[in-house]
Amino acid sequence: MKTPFNPSAWISRFRRNREQRSEPAWEMPLTVPRAALEAVTRSVREFQLGDGGGPAALIAWNERRFREQSPAMREVVDLWFAEEREHSRLLGRALERLGGTPIATHWSFRLFCGVRKYGGVSFELQALTLTELVSTAYYRELRRLCRDIPMQQMCALILRDEAGHVAFHNDRLAAGGRSPLGMAGSVWALQFWFCGLAAATVLWSSHGRCLRALGGSRAAFFAEARYQISRFLTRLAMKKVASSERPAPVPAEAV
């Protein structure tokens, strides 16, 4: 039995999340260590491009198959990407405060867009899900390591949104019958882990210098990334178990 997916509940959640959003205290003195400033600026600049600064939409060649399945799903997708554009705005403010300037493209951004466009919408959605998971690991490490209060506040806002995005992807996968349980589920989970660790490796190659400059390490980042992926799969498995234990609906003619 599949877990039902309720687009209206997600529309309400995304709409509520737009309300009463505090703005980081950008006017506070900058306290990013001088030795780490260049690396942090570079990292924020690249994230600003990727988090809604680029094509804040589904771009797979067959994206309409997912987005246009209902008006409600179309609105959910629009609200999801509206939050990504908000992340780009926040990162733009942080970049301005750090003394940096935006960039128009980057090798990792071009690679990511190419994978999304030509891999098809199912693969694009998985790529975006994994990006949300490894980005959560990055922002958690950045918030932990960077003692600059406005940067911490920005990370907290983005992490709040990312938690919702991850939960949305978990719900949609569960509704599609996806699970890491069983033989087929184990094979799917194995490729999910492989792609997730590949995404974490790409992220670390671009942003590891920033985290190291702030006192972080590769081991700490990958431990956080593995935790996020593992928790996602565990919650997906729990939904499968819960749905299988739910009583089957009684046919109308039997009532």
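This is a predicted model, so every value here is computed, not measured. Any value given below was found using the heavy atoms of this structure, including those in side chains, with hydrogens, waters and symmetry copies removed.
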More than 12 non-hydrogen atoms from neighbouring residues, nucleotides or ligands closer than 6.0 Å to CZ on R64, yes or no?
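Check fails, neighbour count at 12 or below.
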In terms of heavy-atom contacts, does CD1 of I103 have more than 12 from other residues, nucleotides or ligands at under 6.0 Å?
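Counting neighbours around CD1 of I103, more than 12 heavy atoms of other residues, nucleotides or ligands fall under 6.0 Å, so yes.
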Least distance between heavy atoms, [X] atom then [Y] atom:
X    : Y    : result
A94  : V44  : CB-CG1, 4.2 Å
S43  : Y138 : OG-OH, 2.6 Å
A25  : P150 : O-CG, 3.0 Å
L157 : P24  : CD1-CD, 3.7 Å
V76  : P7   : CG2-O, 3.6 Å
A200 : A225 : CB-CB, 4.2 Å

Does any non-hydrogen side-chain atom of [Y] lie less than 4.5 Å from one of [X]?
X    : Y    : answer
M73  : R172 : no
L236 : W188 : yes
E86  : L90  : yes
Q152 : I149 : yes
L214 : E141 : no
E83  : L79  : no
Q228 : R140 : yes

Between R89 and E23, does the salt bridge (charged side-chain N to carboxylate O under 4.0 Å, His left out) criterion hold? Intermediate values first, please.
CA-CA 11 Å; R89 184 193 71 80; E23 186 72 8; 2.8 Å; yes
What residue among W10, F66, W80 forms ring-ring contact (aromatic ring centres under 6.0 Å, His included) with H169?
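Among W10, F66, W80, the one meeting ring-ring contact (aromatic ring centres under 6.0 Å, His included) with H169 is W80.
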Main chain of [Y], side chain of [X]: is a donor-acceptor contact present, judged purely on distance under 3.5 Å?
X    : Y    : answer
R160 : N17  : yes
D148 : L30  : no
R178 : A175 : no
S88  : E84  : no
E124 : I59  : yes
S135 : T131 : yes
S205 : V202 : yes
R97  : M28  : yes

Apply side-chain contact (heavy atoms from CB on, under 4.5 Å) to V166 and T129, showing your working.
CA-CA 7 Å; V166 167; T129 300; over 6 Å; no
What about [X] and [Y], same hydrophobic cluster or not, with Ile/Leu/Val/Met/Phe/Trp/Tyr joined at side-chain heavy-atom distances under 4.5 Å?
X    : Y    : answer
L211 : V32  : yes
F81  : V121 : yes
L173 : F5   : no
W204 : V134 : yes
W26  : L37  : yes

Side chains of R45 and Q48 only: does a donor on one sit below 3.5 Å from an acceptor on the other?
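On atom types as modelled, these side chains do not qualify, holding no pair under 3.5 Å.
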Plane angle bin for F232 and F192 - parallel if under 30°, tilted between 30 and 60°, otherwise perpendicular
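If you compare the ring of F192 with that of F232, the planes turn out parallel.
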Could you walk me through whether L159 and T136 pass the side-chain contact (heavy atoms from CB on, under 4.5 Å) test, one step at a time?
CA-CA 6 Å; L159 284 167; T136 294; 3.9 Å; yes
Take I158 and F47 through the side-chain contact (heavy atoms from CB on, under 4.5 Å) test and state the conclusion after the steps.
CA-CA 12 Å; I158 293 176; F47 256 99; over 6 Å; no
[X] and [Y] ion-paired at < 4.0 Å:
X    : Y   : value
R116 : E63 : no
E19  : R16 : no
E38  : R42 : no
D171 : R13 : no

[X] [atom1] to [Y] [atom2] distance, which is reported to the nearest 0.5 Å:
X    : Y    : atom1 : atom2 : answer
Y227 : T234 : OH    : OG1   : 9.0 Å
R235 : S230 : CZ    : OG    : 10.5 Å
L130 : C195 : CG    : SG    : 6.5 Å
L233 : L133 : CG    : CG    : 8.5 Å
L58  : R67  : CG    : CZ    : 7.5 Å

Verify the ring-centre separation between F221 and H207: is it less than 6.0 angstrom?
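No.
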Audit row: M151, T31, side-chain contact (heavy atoms from CB on, under 4.5 Å) steps and yes/no:
CA-CA 10 Å; M151 290 287 287; T31 58; over 6 Å; no
Scan E96, M154, E46 and name whichever one has a side-chain contact (heavy atoms from CB on, under 4.5 Å) with L91.
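When E96, M154, E46 are each tested with L91, the side-chain contact (heavy atoms from CB on, under 4.5 Å) holds only for M154.
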